[in-house]
Amino acid sequence: ELMRATAATVRLADIAANCRLASHLAPGSRTNAVIKANAYGHGMAKVAQSLQDQVPVFGVALVEEAVQLREAGISNPIAILQGPGRAGDLDEAAANGFWLLLHQQQQVDWVLSEKLAGPLTVWLKVDTGMHRLGFAAKDLDTVCAGLRSSPNVQQKPVLCTHLACADDLTDPMTREQVRMIRDCASRNRLDMSIANSAGILFWPESHAQWNRPGYMLYGCCPTGSPVIGSHGLRPAMTMSSEIIAIRNIEAGEGVGYGHDWVAKRPSKIGTIAIGYGDGYPRHAPSGTPVLVNGQRVALTGRVSMDAISVDLTGLKAVEVGDPVELWGQNLSVNEVASAAGTIGYELLAGLTGRVPLHYQRNVRSA
Ligand SMILES: *Cc1c(COP(=O)(O)O)cnc(C)c1O
(Lines give C-alpha, C1' and ligand atoms only; values in the text may rest on other atoms or scores of the structure.)
Protein backbone atom coordinates (compact mmCIF):
# COMPACT_ATOMS: atom_id res chain seq x y z
CA GLU A 1 0.00 0.00 0.00
CA LEU A 2 1.13 3.49 -0.84
CA MET A 3 1.76 5.21 2.49
CA ARG A 4 2.92 8.79 2.45
CA ALA A 5 4.59 9.79 5.71
CA THR A 6 2.78 13.11 5.54
CA ALA A 7 -0.60 12.42 7.10
CA ALA A 8 -3.04 13.62 9.72
CA THR A 9 -3.84 11.14 12.46
CA VAL A 10 -7.30 11.70 13.92
CA ARG A 11 -8.27 10.32 17.32
CA LEU A 12 -12.05 9.89 17.26
CA ALA A 13 -12.07 8.91 20.93
CA ASP A 14 -10.63 12.32 21.77
CA ILE A 15 -13.34 14.07 19.76
CA ALA A 16 -15.93 12.05 21.71
CA ALA A 17 -14.26 13.04 24.99
CA ASN A 18 -14.18 16.72 24.00
CA CYS A 19 -17.87 16.47 23.11
CA ARG A 20 -18.63 14.98 26.55
CA LEU A 21 -16.69 17.86 28.06
CA ALA A 22 -18.91 20.35 26.19
CA SER A 23 -22.03 18.63 27.59
CA HIS A 24 -20.52 18.50 31.06
CA LEU A 25 -19.74 22.23 31.05
CA ALA A 26 -23.30 23.09 29.98
CA PRO A 27 -25.38 20.34 31.58
CA GLY A 28 -28.75 21.90 30.74
CA SER A 29 -27.99 22.27 27.03
CA ARG A 30 -28.39 19.96 24.09
CA THR A 31 -25.50 19.79 21.63
CA ASN A 32 -25.62 20.78 18.00
CA ALA A 33 -22.16 19.45 17.11
CA VAL A 34 -20.61 21.61 14.39
CA ILE A 35 -18.85 19.50 11.77
CA LYS A 36 -18.83 21.90 8.81
CA ALA A 37 -15.76 22.29 6.58
CA ASN A 38 -15.02 18.55 6.68
CA ALA A 39 -15.27 18.61 10.48
CA TYR A 40 -12.57 21.28 10.61
CA GLY A 41 -10.37 19.02 8.50
CA HIS A 42 -10.95 15.88 10.60
CA GLY A 43 -13.23 14.12 8.08
CA MET A 44 -16.93 14.95 8.32
CA ALA A 45 -18.42 11.49 7.72
CA LYS A 46 -16.07 9.68 10.12
CA VAL A 47 -16.56 12.27 12.86
CA ALA A 48 -20.35 12.11 12.41
CA GLN A 49 -20.33 8.30 12.54
CA SER A 50 -18.40 8.37 15.79
CA LEU A 51 -20.66 11.00 17.43
CA GLN A 52 -24.06 10.00 16.06
CA ASP A 53 -25.23 8.24 19.23
CA GLN A 54 -23.78 10.94 21.47
CA VAL A 55 -25.33 14.10 20.02
CA PRO A 56 -28.89 14.77 18.85
CA VAL A 57 -28.01 17.07 15.94
CA PHE A 58 -25.12 17.98 13.67
CA GLY A 59 -24.44 21.49 12.34
CA VAL A 60 -22.97 22.21 8.94
CA ALA A 61 -22.81 25.41 6.90
CA LEU A 62 -24.27 24.18 3.62
CA VAL A 63 -27.01 21.97 2.23
CA GLU A 64 -24.29 20.23 0.18
CA GLU A 65 -22.52 19.18 3.38
CA ALA A 66 -25.76 17.83 4.83
CA VAL A 67 -26.40 15.80 1.67
CA GLN A 68 -22.91 14.29 1.98
CA LEU A 69 -23.74 13.25 5.55
CA ARG A 70 -26.94 11.52 4.42
CA GLU A 71 -24.96 9.74 1.70
CA ALA A 72 -22.58 8.57 4.43
CA GLY A 73 -25.54 7.00 6.25
CA ILE A 74 -25.97 9.59 9.01
CA SER A 75 -29.62 9.77 10.10
CA ASN A 76 -29.50 12.50 12.80
CA PRO A 77 -31.18 15.80 12.03
CA ILE A 78 -28.68 18.20 10.45
CA ALA A 79 -28.89 21.95 10.98
CA ILE A 80 -27.86 24.06 7.99
CA LEU A 81 -26.24 27.04 9.71
CA GLN A 82 -26.39 29.35 6.67
CA GLY A 83 -29.92 28.30 5.82
CA PRO A 84 -31.32 27.70 2.34
CA GLY A 85 -29.45 29.31 -0.54
CA ARG A 86 -32.36 28.89 -2.97
CA ALA A 87 -36.05 28.01 -2.76
CA GLY A 88 -35.32 24.46 -3.97
CA ASP A 89 -33.30 23.79 -0.81
CA LEU A 90 -36.54 23.73 1.17
CA ASP A 91 -37.84 20.56 -0.48
CA GLU A 92 -34.42 18.96 -0.02
CA ALA A 93 -34.63 19.92 3.66
CA ALA A 94 -38.18 18.67 4.16
CA ALA A 95 -37.36 15.36 2.48
CA ASN A 96 -34.10 14.78 4.39
CA GLY A 97 -34.73 16.11 7.88
CA PHE A 98 -32.46 19.12 7.53
CA TRP A 99 -33.15 21.96 9.94
CA LEU A 100 -32.90 25.39 8.37
CA LEU A 101 -31.49 28.49 10.00
CA LEU A 102 -33.30 31.45 8.51
CA HIS A 103 -31.33 34.65 8.68
CA GLN A 104 -33.07 36.95 6.21
CA GLN A 105 -36.49 37.81 4.88
CA GLN A 106 -36.09 36.12 1.49
CA GLN A 107 -35.60 32.76 3.22
CA VAL A 108 -38.69 33.36 5.34
CA ASP A 109 -40.66 34.25 2.20
CA TRP A 110 -39.65 30.92 0.66
CA VAL A 111 -40.86 29.09 3.77
CA LEU A 112 -44.17 30.96 3.69
CA SER A 113 -44.81 30.48 -0.02
CA GLU A 114 -43.34 27.12 -1.14
CA LYS A 115 -45.54 24.04 -1.47
CA LEU A 116 -43.62 21.42 0.50
CA ALA A 117 -43.99 17.68 0.90
CA GLY A 118 -43.82 18.10 4.68
CA PRO A 119 -43.20 20.67 7.38
CA LEU A 120 -39.76 22.03 8.28
CA THR A 121 -37.87 22.60 11.51
CA VAL A 122 -36.53 26.12 11.42
CA TRP A 123 -34.27 28.20 13.64
CA LEU A 124 -34.26 31.97 13.39
CA LYS A 125 -31.02 33.85 13.53
CA VAL A 126 -31.00 37.16 15.38
CA ASP A 127 -28.32 39.76 14.75
CA THR A 128 -27.31 40.79 18.26
CA GLY A 129 -24.05 42.43 17.23
CA MET A 130 -22.03 40.30 14.82
CA HIS A 131 -23.66 42.29 11.98
CA ARG A 132 -23.11 39.56 9.48
CA LEU A 133 -26.31 37.49 9.34
CA GLY A 134 -29.64 37.56 11.12
CA PHE A 135 -32.79 39.57 11.74
CA ALA A 136 -32.68 42.78 13.71
CA ALA A 137 -34.24 42.30 17.14
CA LYS A 138 -36.94 44.87 16.29
CA ASP A 139 -38.10 42.85 13.25
CA LEU A 140 -38.16 39.54 15.00
CA ASP A 141 -41.66 39.56 16.46
CA THR A 142 -43.19 40.08 13.00
CA VAL A 143 -41.11 37.25 11.52
CA CYS A 144 -42.14 34.93 14.37
CA ALA A 145 -45.81 35.82 13.96
CA GLY A 146 -45.65 35.05 10.21
CA LEU A 147 -44.03 31.66 10.74
CA ARG A 148 -46.43 30.71 13.54
CA SER A 149 -49.34 30.53 11.11
CA SER A 150 -47.44 28.64 8.37
CA PRO A 151 -48.26 24.96 7.74
CA ASN A 152 -44.67 24.60 6.48
CA VAL A 153 -43.25 25.03 9.99
CA GLN A 154 -43.70 22.11 12.33
CA GLN A 155 -42.82 23.54 15.73
CA LYS A 156 -41.77 26.79 17.36
CA PRO A 157 -38.51 28.09 15.94
CA VAL A 158 -35.39 28.19 18.09
CA LEU A 159 -33.80 31.63 18.31
CA CYS A 160 -30.15 31.56 17.48
CA THR A 161 -27.39 34.14 17.62
CA HIS A 162 -23.64 34.05 17.09
CA LEU A 163 -21.19 35.62 19.53
CA ALA A 164 -18.75 38.09 17.98
CA CYS A 165 -16.18 38.57 20.74
CA ALA A 166 -16.54 35.59 23.09
CA ASP A 167 -12.87 34.59 22.73
CA ASP A 168 -11.95 37.83 24.51
CA LEU A 169 -12.86 37.15 28.12
CA THR A 170 -12.93 40.84 29.00
CA ASP A 171 -15.12 42.10 26.16
CA PRO A 172 -18.52 43.38 27.39
CA MET A 173 -20.08 42.65 23.96
CA THR A 174 -20.84 39.04 24.88
CA ARG A 175 -23.07 39.98 27.83
CA GLU A 176 -24.82 42.55 25.64
CA GLN A 177 -25.51 39.94 22.95
CA VAL A 178 -26.80 37.45 25.53
CA ARG A 179 -29.06 40.10 27.05
CA MET A 180 -30.53 40.99 23.65
CA ILE A 181 -31.38 37.46 22.58
CA ARG A 182 -32.76 36.50 25.99
CA ASP A 183 -35.04 39.49 25.66
CA CYS A 184 -36.27 38.38 22.21
CA ALA A 185 -36.73 34.79 23.40
CA SER A 186 -38.73 35.63 26.49
CA ARG A 187 -41.00 38.01 24.51
CA ASN A 188 -41.77 35.26 22.01
CA ARG A 189 -41.52 32.32 24.47
CA LEU A 190 -38.90 30.52 22.39
CA ASP A 191 -35.90 28.30 23.06
CA MET A 192 -32.44 29.67 22.23
CA SER A 193 -29.03 28.69 20.93
CA ILE A 194 -26.19 31.12 21.69
CA ALA A 195 -22.91 29.46 22.68
CA ASN A 196 -20.15 28.41 20.31
CA SER A 197 -17.01 26.83 21.84
CA ALA A 198 -15.92 30.07 23.53
CA GLY A 199 -19.41 30.55 24.98
CA ILE A 200 -19.47 27.01 26.34
CA LEU A 201 -16.00 27.32 27.88
CA PHE A 202 -16.08 30.88 29.22
CA TRP A 203 -19.59 32.35 29.31
CA PRO A 204 -22.05 30.28 31.36
CA GLU A 205 -24.71 32.96 30.81
CA SER A 206 -24.63 32.03 27.11
CA HIS A 207 -25.58 28.39 27.79
CA ALA A 208 -29.12 27.89 26.51
CA GLN A 209 -31.38 25.04 25.39
CA TRP A 210 -28.98 24.37 22.51
CA ASN A 211 -25.22 24.90 22.22
CA ARG A 212 -23.11 24.78 19.06
CA PRO A 213 -19.55 23.62 19.81
CA GLY A 214 -17.13 23.42 16.89
CA TYR A 215 -13.43 24.09 17.50
CA MET A 216 -13.43 22.65 21.02
CA LEU A 217 -14.66 19.27 19.73
CA TYR A 218 -11.31 18.97 18.01
CA GLY A 219 -9.48 19.68 21.25
CA CYS A 220 -8.46 23.25 20.53
CA CYS A 221 -8.97 26.34 22.64
CA PRO A 222 -10.86 29.14 20.86
CA THR A 223 -8.85 31.88 22.60
CA GLY A 224 -5.83 30.81 20.56
CA SER A 225 -4.02 29.71 23.71
CA PRO A 226 -0.85 27.76 22.83
CA VAL A 227 -1.28 25.61 25.94
CA ILE A 228 -2.13 22.00 25.09
CA GLY A 229 -4.83 20.33 27.14
CA SER A 230 -6.19 23.53 28.68
CA HIS A 231 -9.67 23.04 30.20
CA GLY A 232 -9.24 19.29 29.67
CA LEU A 233 -9.39 19.55 25.87
CA ARG A 234 -7.62 16.80 23.93
CA PRO A 235 -6.12 17.76 20.56
CA ALA A 236 -7.69 15.24 18.19
CA MET A 237 -5.36 15.65 15.23
CA THR A 238 -1.64 15.12 14.85
CA MET A 239 -0.19 16.41 11.61
CA SER A 240 2.96 14.41 10.88
CA SER A 241 5.61 14.05 8.27
CA GLU A 242 9.25 13.04 8.07
CA ILE A 243 12.70 14.35 7.25
CA ILE A 244 13.46 13.54 3.61
CA ALA A 245 16.90 15.16 3.30
CA ILE A 246 19.66 16.61 5.46
CA ARG A 247 22.52 18.81 4.30
CA ASN A 248 25.25 20.96 5.81
CA ILE A 249 25.64 24.52 4.58
CA GLU A 250 28.18 27.25 5.27
CA ALA A 251 27.59 30.52 7.05
CA GLY A 252 26.27 33.02 4.50
CA GLU A 253 24.39 30.45 2.38
CA GLY A 254 20.64 30.83 1.91
CA VAL A 255 17.80 28.30 2.15
CA GLY A 256 14.66 28.08 0.02
CA TYR A 257 12.95 30.44 -2.41
CA GLY A 258 14.32 33.96 -2.38
CA HIS A 259 16.95 32.98 0.19
CA ASP A 260 14.82 34.66 2.86
CA TRP A 261 16.82 32.80 5.49
CA VAL A 262 20.62 32.95 5.44
CA ALA A 263 22.78 30.83 7.75
CA LYS A 264 24.65 32.87 10.37
CA ARG A 265 26.86 29.88 11.19
CA PRO A 266 27.66 26.54 9.58
CA SER A 267 24.24 24.85 9.72
CA LYS A 268 22.57 21.48 9.32
CA ILE A 269 19.36 21.89 7.32
CA GLY A 270 16.61 19.27 7.27
CA THR A 271 13.92 19.19 4.62
CA ILE A 272 10.43 17.90 5.47
CA ALA A 273 7.85 16.56 3.02
CA ILE A 274 5.04 19.00 3.69
CA GLY A 275 4.17 22.37 2.20
CA TYR A 276 1.34 24.72 1.40
CA GLY A 277 0.05 22.16 -1.12
CA ASP A 278 -0.91 20.14 1.96
CA GLY A 279 -2.26 23.09 3.91
CA TYR A 280 0.84 24.00 5.90
CA PRO A 281 0.55 27.80 6.06
CA ARG A 282 2.72 29.55 3.46
CA HIS A 283 2.95 32.62 5.66
CA ALA A 284 4.68 30.76 8.49
CA PRO A 285 7.93 32.71 8.92
CA SER A 286 11.41 31.47 9.80
CA GLY A 287 11.38 30.57 13.47
CA THR A 288 7.95 28.88 13.43
CA PRO A 289 8.26 25.83 15.71
CA VAL A 290 8.39 22.27 14.32
CA LEU A 291 9.03 19.08 16.30
CA VAL A 292 11.69 16.71 14.97
CA ASN A 293 12.10 13.55 17.06
CA GLY A 294 10.05 15.39 19.67
CA GLN A 295 12.52 18.28 19.81
CA ARG A 296 11.64 21.84 18.90
CA VAL A 297 13.43 23.24 15.88
CA ALA A 298 12.85 26.38 13.84
CA LEU A 299 11.50 26.70 10.32
CA THR A 300 14.12 28.20 8.02
CA GLY A 301 13.17 30.09 4.86
CA ARG A 302 9.93 30.14 2.89
CA VAL A 303 7.35 27.38 2.90
CA SER A 304 7.25 25.74 -0.55
CA MET A 305 4.36 23.81 -2.09
CA ASP A 306 5.73 20.39 -1.13
CA ALA A 307 8.50 21.09 1.37
CA ILE A 308 9.68 23.10 4.32
CA SER A 309 13.19 23.28 5.80
CA VAL A 310 14.24 23.45 9.43
CA ASP A 311 17.47 24.20 11.25
CA LEU A 312 18.77 20.96 12.78
CA THR A 313 22.11 22.44 13.89
CA GLY A 314 23.07 21.05 17.27
CA LEU A 315 20.37 18.36 17.28
CA LYS A 316 21.73 14.97 18.26
CA ALA A 317 21.39 11.89 16.09
CA VAL A 318 18.98 13.10 13.47
CA GLU A 319 18.55 11.11 10.26
CA VAL A 320 16.55 11.02 7.07
CA GLY A 321 13.25 9.31 7.87
CA ASP A 322 13.00 10.74 11.36
CA PRO A 323 9.47 11.69 12.45
CA VAL A 324 8.16 15.23 12.42
CA GLU A 325 5.12 16.70 14.17
CA LEU A 326 3.80 19.91 12.58
CA TRP A 327 1.05 20.23 15.17
CA GLY A 328 -0.80 17.86 17.49
CA GLN A 329 -0.45 16.56 21.02
CA ASN A 330 2.97 18.09 21.60
CA LEU A 331 2.80 21.29 19.58
CA SER A 332 -0.40 23.28 19.61
CA VAL A 333 -2.02 24.14 16.29
CA ASN A 334 -2.82 27.51 17.90
CA GLU A 335 0.88 28.19 18.42
CA VAL A 336 1.80 27.34 14.82
CA ALA A 337 -1.13 29.41 13.53
CA SER A 338 -0.19 32.36 15.67
CA ALA A 339 3.39 32.27 14.32
CA ALA A 340 1.89 32.34 10.82
CA GLY A 341 -0.40 35.26 11.65
CA THR A 342 -3.61 33.26 11.56
CA ILE A 343 -5.82 31.06 13.76
CA GLY A 344 -5.81 27.31 14.26
CA TYR A 345 -9.28 27.11 12.69
CA GLU A 346 -7.75 28.11 9.34
CA LEU A 347 -4.97 25.52 9.50
CA LEU A 348 -7.41 22.72 10.30
CA ALA A 349 -10.04 23.74 7.74
CA GLY A 350 -7.30 24.38 5.18
CA LEU A 351 -5.85 20.88 5.01
CA THR A 352 -5.95 19.83 1.38
CA GLY A 353 -7.28 16.65 -0.15
CA ARG A 354 -3.80 15.28 -0.67
CA VAL A 355 -3.26 14.73 3.06
CA PRO A 356 -4.47 11.26 4.06
CA LEU A 357 -6.49 11.09 7.28
CA HIS A 358 -5.68 8.06 9.43
CA TYR A 359 -8.18 7.18 12.14
CA GLN A 360 -7.24 5.80 15.50
CA ARG A 361 -10.27 4.18 17.07
CA ASN A 362 -10.66 3.21 20.70
CA VAL A 363 -7.29 4.66 21.57
CA ARG A 364 -7.46 6.81 24.66
CA SER A 365 -4.73 9.35 25.00
CA ALA A 366 -3.58 10.32 28.47
C1 LIG B 1 -18.87 27.56 12.97
C2 LIG B 1 -20.01 27.93 13.82
C3 LIG B 1 -20.06 27.51 15.17
C4 LIG B 1 -18.91 26.82 15.87
O5 LIG B 1 -18.00 27.79 16.33
P6 LIG B 1 -16.67 27.36 17.14
O7 LIG B 1 -15.99 28.63 17.45
O8 LIG B 1 -15.89 26.52 16.19
O9 LIG B 1 -17.14 26.61 18.32
C10 LIG B 1 -21.21 27.79 15.87
N11 LIG B 1 -22.24 28.45 15.30
C12 LIG B 1 -22.21 28.89 14.03
C13 LIG B 1 -23.38 29.63 13.47
C14 LIG B 1 -21.10 28.65 13.25
O15 LIG B 1 -21.06 29.08 11.99
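Side-chain atoms are counted along with the backbone in the values below, which use heavy atoms only and exclude waters and symmetry mates. Just follow the structure's listing: the first ligand is 1, and inside any ligand the first atom is 1.
Sorted by first and then second residue, the side chain to side chain donor-acceptor pair (under 3.5 Å) pairs with a member in residues 153-164 read Thr121-Gln154, Thr128-Thr161, His162-Arg212; sequence neighbours excluded.
Scored by the side chain to side chain contact (heavy atoms under 4.5 Å, CB included) test, Asp168 finds Thr170, Asp171 as partners (sequence neighbours excluded). Under the rule for a side chain to side chain donor-acceptor pair (under 3.5 Å), the partners of Asp127 that lie at least two apart in sequence or sit in another chain are His131.
Atom CZ of Arg175 sits in a sparse spot, with 12 or fewer heavy atoms from other residues, nucleotides or ligands closer than 6.0 Å.
Leu348 and Val10 fall within a single hydrophobic cluster, where Ile, Leu, Val, Met, Phe, Trp and Tyr side chains are chained together by heavy-atom contacts under 4.5 Å.
When only modelled atom types and interatomic distance are considered, Ser286 and Thr300 share no side-chain donor-acceptor pair under 3.5 Å.
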Pairs of nitrogen or oxygen atoms, one from ligand 1 and one from the protein, closer than 3.5 Å: please tabulate them with distances.
| from | atom 1 | to | atom 2 | distance (Å) |
| --- | --- | --- | --- | --- |
| ligand 1 | 7 (O) | Tyr345 | OH | 2.6 |
| ligand 1 | 8 (O) | Tyr40 | OH | 2.6 |
| ligand 1 | 8 (O) | Tyr215 | N | 2.8 |
| ligand 1 | 9 (O) | Ser197 | N | 2.8 |
| ligand 1 | 9 (O) | Ser197 | OG | 2.5 |
| ligand 1 | 9 (O) | Gly214 | N | 2.9 |
| ligand 1 | 9 (O) | Tyr215 | N | 3.4 |
| ligand 1 | 11 (N) | Arg212 | NE | 2.9 |
| ligand 1 | 11 (N) | Arg212 | NH2 | 3.4 |
| ligand 1 | 15 (O) | Lys36 | NZ | 2.6 |

